[in-house]
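Please read these numbers as outputs of a predicted model, since none were measured by experiment.
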2 protein chains.
Amino acid sequence: MAARAKAPRVGPYLCGIDAAFDVLSGKWKALILWELHAHGVRRFAELRRGVPGVSEKMLTQHLREMEEDALVHREVYAEVPPRVEYSLTEHGHTLNEALGALGAWGEERIRREGCEVVGGAEAVAR
Amino acid sequence: MAARAKAPRVGPYLCGIDAAFDVLSGKWKALILWELHAHGVRRFAELRRGVPGVSEKMLTQHLREMEEDALVHREVYAEVPPRVEYSLTEHGHTLNEALGALGAWGEERIRREGCEVVGGAEAVAR
DNA sequence: TGCGGTACTTACCTTTTGGTGCGTGAGGGG
DNA sequence: CCCCTCACGCACCAAAAGGTAAGTACCGCA
C-alpha cells in the first residue's frame with residue numbers, strides 16, 4: 001500500500017477515470033475531501049469527529065496517501081500539545097470540483113431510491 | 001453482496017458522492033460503463049474482450065449489480081447459442097456524463113505524473 | 001468425434017481492506 | 001494524582017473483494 005504509487009495495475013492507467021479512482025480508492029477518502037473542502041483547514045481530531053465512523057488508523061493512512069498524491073497539505077507545528085493542520089492543495093480543490101457532477105448524480109439517485117422504495121430495479125429502469 | 005441494496009453503511013447515505021461511489025464500487029465497473037457507453041450495445045464475450053484483464057466471474061457479478069442498480073439493461077434471447085445483450089439505461093448514460101469531469105481530472109493527473117516523475121509530492125503541490 | 005464458442009455458476013483460495021486495541025510522551029484539568 | 005487529549009505507530013484480526021479453475025448444456029465446424 002505504501003508502494004501504491006509504484007504499482008500500476010496493468011499499464012500505467014487505462015483511462016482518466018481509472019487514475020481518478022485510484023487516487024480516491026478507500027472508504028473515507030471522498031468524505032475527507034469533502035470535509036476539508038467544506039472547512040478549509042482542519043486538525044486531525046476535528047476530521048475524526050467530522051467523518052463519523054472512521055478509525056484513527058484509517059484516517060492517518062488515508063491522509064498520508066492523499067498527501068503522497070498531492071491532494072492535501074500537511075502542516076506540523078512542533079508544539080507541546082502536538083498540532084497538525086490539514087488542508088486541500090490546488091489539486092485537491094480541482095478534484096473536488098470534478099466530483100461535483102458525480103455528487104449531483106448521487107443525490108438524484110438517493111431521491112429516486114427514496115421514492116421508489118428500492119428492490120424494484122425493474123420498476124426503476126421502467 | 002447480493003443483498004447490497006438493503007445494506008446501507010450507516011445512515012442511508014452520507015452524501016451524493018457516497019451514493020455514486022456505492023454504485024460503482026468494484027474494480028471494473030467504471031471500465032464496463034465506459035465500454036458500454038462507447039459501443040452502445042455489447043454482448044458478454046465482447047465486453048470480456050473489451051475490458052482487458054477481467055475474469056468471467058467478476059464481469060457477471062458486476063453486470064448483475066449494475067443491473068440491480070438500474071445502470072445497465074440486460075436483454076436475453078432464448079436462442080440456441082445463448083445470446084445476451086447489454087446496454088446502458090438512461091441512468092447509466094447520465095452517470096457516464098457525470099463521470100466526464102472526473103475523467104478529465106484524471107487525465108490531467110496522468111500528464112502531471114508523466115512529467116514530474118512522481119515522488120516529489122512537495123514539488124507538485126508547490 | 002473432438003474442439004471451440006456462448007453465457008454463465010459454483011467452489012475454493014489469495015489478496016486487499018478496514019477495524020481493534022495498545023503504547024507513546026508531555027501538558028492541562030479535576 | 002490520575003486520567004484525558006493530541007496525533008499518531010504498531011501488531012494482530014476479520015471481512016470483503018477479487019482471482020482461478022472447473023463444470024453446464026447446447027451448437028456449429030472440421
*A/E75-A/H73 side chain donor-acceptor pair, cut-off 3.5 Å*: yes
*Would you indicate, yes or no, if D/dA16 has its OP1 or OP2 atom less than 4.0 angstrom from a side-chain nitrogen or oxygen of A/K27?*
no
*asked:* Regarding A/P82, tell me which of base, sugar-phosphate or nothing describes its non-hydrogen contacts under 4.0 Å with the strands shown.
replied: base
*Would you mind reading off the distance between A/Q61 atom CD and D/dC10 atom C1', rounded to a whole angstrom?*
12 Å
*If you check every side-chain atom of A/V84, which of D/dC27, D/dT20, D/dC8 has the closest atom?*
D/dC8
*Atom CD of A/E75 to atom C1' of D/dC8: distance rounded to whole Å?*
17 Å
*Give a yes/no on whether any side-chain N or O of A/H62 is located under 4.0 angstrom from OP1 or OP2 of C/dT17.*
no
*asked:* When you measure from the side-chain N and O atoms of A/R83 to the phosphate of D/dC6, is any distance below 4.0 Å, counting only OP1 and OP2?
replied: no
*Take atom CE of A/M58 and atom C1' of D/dA16, then tell me their distance rounded to the nearest Å.*
14 Å
_Phosphate contact (D/dA11 OP1 or OP2) by A/K57 side-chain N/O below 4.0 Å_ = no
*Kindly say if A/R64 contacts the phosphate of D/dG9, meaning a side-chain N or O under 4.0 Å from OP1 or OP2.*
yes
*Kindly give the heavy-atom pair with the smallest separation between A/S87 and A/V41, and that separation in Å.*
CB-CG2, 4.2 Å
*Atom CZ of B/R48 to atom C1' of C/dT6: distance rounded to whole Å?*
10 Å
*Heavy atoms under 4.0 Å, any strand shown: does B/R49 hit a base, just sugar-phosphate, or nothing?*
sugar-phosphate
_Need one value for B/Y77: base, sugar-phosphate or nothing, where a base atom within 4.0 Å counts as base even if backbone is also close, heavy atoms only._
nothing
*Roughly how many Å is it from CD in A/E67 to C1' in D/dA7, rounded to a whole number?*
14 Å
_Distance to the ring centre below 6.0 angstrom and angle to the axis at most 45 degrees; does that hold for B/R48 and B/W28?_
no
*asked:* With a 6.0 Å cut-off (strictly less than), is the heavy-atom count around CH2 of A/W105, excluding the residue itself, greater than 12?
replied: yes
*To the nearest Å, give me how far apart CD (A/E56) and P (D/dA11) are.*
17 Å
*Report yes or no: do A/R42 and A/Y86 form a side-chain donor-acceptor pair below 3.5 Å?*
no
*Looking at C/dT20, D/dC27, C/dT6, which one has an atom nearest to any side-chain atom of B/R43?*
C/dT6
*Roughly how many Å is it from CZ in A/R74 to C1' in D/dA7, rounded to a whole number?*
8 Å
*With sugar-phosphate meaning primed atoms plus P, OP1 and OP2, does A/T60 contact a base, only sugar-phosphate, or nothing at under 4.0 Å between heavy atoms?*
sugar-phosphate
*How close or far is atom C1' of D/dA17 from atom CG of B/L59, stated in whole angstroms?*
16 Å
